[in-house]
Amino acid sequence: MKEEYHLLIQIPRGTYDVLPEDSEVWQKIEETARKVCALFNYKEIRTPIFESTDLFQRGVGDTTDIVQKEMYNFKDRGERSLTLRPEGTASVVRSFVEHKLFGLPNQPAKLYYIGPMFRYERPQSGRTRQFTQFGVEVLGSKDPSVDAEIIALAMTFYKTLGLKKLKLVLNSLGDPESRAAHHEALIAHFKPSIGEFCEDCRNRLEKNPLRILDCKKDHDHPLMKTAPSIIDFLTEPARDYFEKVKGILDEMGIAYELDPTLVRGLDYYNHTTFEIMGSSKGAITTLTGGGRYNGLVSELGGPETPGVGFALSIERLLLALEVENISLKSETSLDCFIAAIGEEAGRKAAVILNELRQAGLRADKDYMDRKVKAQFKQADRDRSGFVIVIGDEELQAQAAKVRNMADGSQEEVAFTELADYLKAKIN
RNA sequence: GCGAUUAUGGUGAAGUGGUUAACACACCGGAUUGUGGUUCCGGCAUGCGUGGGUUCGAUCCCCACUAAUCGCCCCA
């Protein structure tokens with residue numbers, strides 16, 4: 001018998017099960033996300049968990065780590081190359097284009113999703129191979145108040161759940177012109193002394209010099225502080241746009257910190273980028289990442305359509321809740337528990353149990369053939385308000401003993417009156 | 001992809017190259033008859049991640065594998 005345990009198949013690496021004692025918390029989080037989205041008038045969109053590999057290569061960007069080494073891709077029986085989605089935005093945009101949602105009267109499209117994402121990575125704290133994102137996308141508006149709105153939405157979500165230690169970090173990557181100018185300036189800045197930097201940075205120089213600013217090893221190199229900031233290369237319209245976003249956040253009373261080195265990992269971002277940081281086991285990590293991606297819709301074959309969005313990880317949210325000592329678990333309780341003594345009483349208990357449930361009461365009984373005392377213990381574990389005792393005497397009298405578990409008082413109640421009696425007591 | 005640490009029952013864990021693998025929690029049972037949350041007593045791993053090797057003998061030594069945790073890279 002026991003040896004078979006060793007042969008059992010284990011859960012895949014980087015995945016985990018949400019067990020009954022925790023699923024309640026997940027439900028509460030998802031419920032909160034849906035409620036907040038309703039407040040902001042965002043509608044849910046559900047897209048497949050796998051898509052054409054091409055979608056992510058084009059959408060997320062060929063040079064990103066996600067595409068280069070983290071995708072779960074496979075061939076189906078028709079030799080199609082498919083990929084388990086590593087993020088949500090590409091799918092939403094694909095769906096938006098495919099169903100021509102840009103033609104609907106309700107513009108912009110304000111959408112949200114909650115679901116699993118997959119990245120082939122080494123699992124560690126706050127990082128699993130299957131993880132869950134709650135994300136929001138607004139397609140069709142270039143109004144800076146939309147940028148502010150999604151940030152407000154994310155903050156509202158966290159605050160509703162009770163998180164306090166949050167930090168919003170903001171930056172602008174500008175439009176393509178701003179980025180190109182900054183790109184050149186960075187290369188010019190680092191190139192002469194690139195030999196003093198780590199290997200990674202040397203590789204980054206030509207490919208993506210912006211990433212050098214993110215390097216932890218060379219963080220203290222003097223050239224880091226004097227590096228050209230994207231902010232100084234923003235074109236007039238880009239600068240103006242960023243000022244408007246900041247202005248609205250200011251007036252909303254949402255505090256932020258500017259970080260010109262905030263670079264997001266996906267290629268499609270431009271203009272506003274932001275992260276919401278929170279605590280996790282003493283360290284600070286990114287809870288939410290988002291920004292504007294004005295070129296993505298056309299990149300995926302749709303009409304020129306601006307977009308903004310964010311994605312946040314439920315797993316990291318859970319870590320942050322833990323650090324801040326916030327429990328979302330409710331006192332689950334039962335209205336009543338039936339303790340039966342003897343076989344005939346057991347049968348009667350099953351019938352009464354069903355009647356109580358039909359009457360809308362949360363009720364349960366023992367299924368383990370336990371002694372009365374143990375049945376009471378079980379009722380305690382389930383935090384049951386009342387225990388109904390049925391034995392031979394009660395069957396004779398057609399009336400059960402009903403014990404109030406809070407004060408220990410006990411009354412005799414006819415079988416036919418049980419539901420009404422309990423309902424009256426509970427209200 | 002790289003590095004570090006770890007791997008004993010339902011859980012947290014102690015432990016030794018050699019007859020019965022501590023302890024605690026949980027669970028189950030009992031303390032006279034059918035009643036909980038306290039107390040007392042009892043039960044509960046033929047087994048120490050998997051596979052090899054060293055040895056007269058290994059849970060304890062060696063190797064490989066697997067997994068977990070943490071860090072790097074990168075990200076949510």
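The distance from atom CD of Glu21(A) to atom C1' of rU11(B) is 11 Å, rounded to the nearest whole Å. Going from atom CZ of Arg316(A) over to atom C1' of rA76(B) covers 5 Å, rounded to whole Å. Look at CD on Glu121(A): it is 15 Å from C1' on rC70(B), rounded to the nearest Å. For the pair Glu315(A) CD and rA76(B) C1', the interatomic distance rounds to 9 Å; values are reported in whole Å. Taking atom CG on Asp17(A) and atom P on rA68(B), their separation rounds to 12 Å, with Å as the unit. Rounding to whole angstrom units, CD of residue Gln378(A) and C1' of rG29(B) are separated by 16 Å. Atom CD of Glu275(A) is separated from atom P of rC75(B) by 9 Å (rounded to the nearest Å). In this entry the distance linking CG of Leu318(A) with P of rA76(B) reads 18 Å, nearest Å.
A ring-ring contact (aromatic ring centres under 6.0 Å, His included) with Phe233(A) holds for exactly one of His189(A), His183(A), His182(A); it is His182(A). Considering Gln130(A), Glu315(A), Arg129(A) as possible partners of Tyr16(A), the one that fulfils the side chain to side chain donor-acceptor pair (under 3.5 Å) test is Glu315(A).
As judged by a 4.0 angstrom heavy-atom cut-off over every strand, Gly14(A) is placed among residues touching the sugar-phosphate backbone only. Within the 4.0 angstrom heavy-atom criterion, only backbone atoms of the sugar-phosphate kind lie near Arg381(A); the bases stay farther away. Contact annotation for Ala379(A): no contact, since no heavy-atom pair falls under 4.0 Å across all strands. Residue Ala339(A) is out of contact with every strand shown, counting any heavy-atom pair closer than 4.0 Å. Across all strands shown, Gly126(A) has heavy atoms under 4.0 Å from base atoms, whether or not it also approaches the sugar-phosphate. Leu287(A) comes within contact range of the sugar-phosphate backbone alone, with a heavy-atom separation under 4.0 Å but no base atom that close.
Between Glu137(A) and Phe310(A), every side-chain heavy-atom pair lies at or beyond the 4.5 Å cut-off. Put simply, the side chain of Ser52(A) does not reach to within 4.5 Å of the side chain of Gln57(A), judged on heavy atoms.
The base of rA76(B) sits with one of its N or O atoms less than 3.5 Å from a complementary donor or acceptor on the side chain of Arg119(A). In terms of polar N and O atoms assigned as donor or acceptor, the side chain of Gln10(A) never comes within less than 3.5 Å of the base of rA68(B) in a complementary pairing.
For the pair Arg122(A) and rC72(B), the criterion of a side-chain N or O lying under 4.0 Å from OP1 or OP2 is not met. At least one side-chain nitrogen or oxygen of Ser125(A) sits closer than 4.0 Å to the OP1 or OP2 atom of rC70(B). In terms of phosphate contacts, Gln124(A) brings no side-chain nitrogen or oxygen within less than 4.0 Å of OP1 or OP2 of rU69(B).
Going from the P atom of rG10(B) to that of rC44(B) covers 15 Å, rounded to whole Å. Nucleotides rG12(B) and rG17(B) have their P atoms positioned 25 Å apart, rounded to a whole Å. For the C1' atom pair drawn from rC41(B) and rG49(B), the interatomic distance equals 36 Å after rounding to whole Å. Rounded to whole Å, the separation between the C1' atoms of rC73(B) and rU16(B) comes to 42 Å. rA24(B) and rU20(B) are spaced 22 Å apart, taking the P atom of each and rounding to whole Å. The separation of rA58(B) from rG52(B), taken at their P atoms, amounts to 13 Å, rounded to a whole angstrom. If you take atom P in rU59(B) and the same atom in rU50(B), they sit 10 Å apart, rounded to whole Å. For rG57(B) and rA64(B), the C1' atoms lie 23 Å apart once the distance is rounded to whole Å.
Comment: Asp54(A) does not engage Arg58(A) in a salt bridge, judged by the lack of any side-chain N to carboxylate O separation of less than 4.0 angstrom. Using a 4.0 Å cut-off between charged side-chain N and carboxylate O, Lys164(A) and Glu324(A) make no salt bridge.
Nearest nucleotide to the Arg370(A) side chain, out of rA76(B), rC28(B), rC70(B): rC28(B).
In this structure, CD1 in Ile114(A) is found 10.0 Å from CD1 in Ile29(A), a value given to the nearest 0.5 Å.
For the pair Arg13(A) and Ile276(A), both in contact range of RNA chain B, the more 5′-proximal nearest nucleotide belongs to Arg13(A).
Using the six-membered ring where Trp is involved, Phe386(A) and Tyr421(A) have ring planes that are perpendicular, over 60° apart on the 30 and 60° scheme.
Across all strands shown, rG3(B) pairs with rC70(B); the Watson-Crick or G-U wobble distances both stay below 3.5 Å. Pairing of rC65(B), defined by two Watson-Crick or G-U wobble distances under 3.5 Å, is identified with rG49(B). Base pairing of rG18(B): its partner is rC56(B), meeting the Watson-Crick or G-U wobble criterion (both donor-acceptor distances under 3.5 Å). The base-pairing partner of rG29(B), taking Watson-Crick or G-U wobble contacts with both distances under 3.5 Å, is rC41(B).
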Take nucleotides 30-37 of chain B nucleotide by nucleotide from the 5' end and write B, S or -, depending on whether a protein heavy atom sits under 4.0 Å from the base, only from the sugar-phosphate, or from neither.
SB--BBBB
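Checked against the 6.0 Å centroid threshold, Phe242(A) and His271(A) do not count as a close aromatic pair. In summary, the aromatic rings of Tyr72(A) and Tyr120(A) are positioned with their centroids under 6.0 Å apart.
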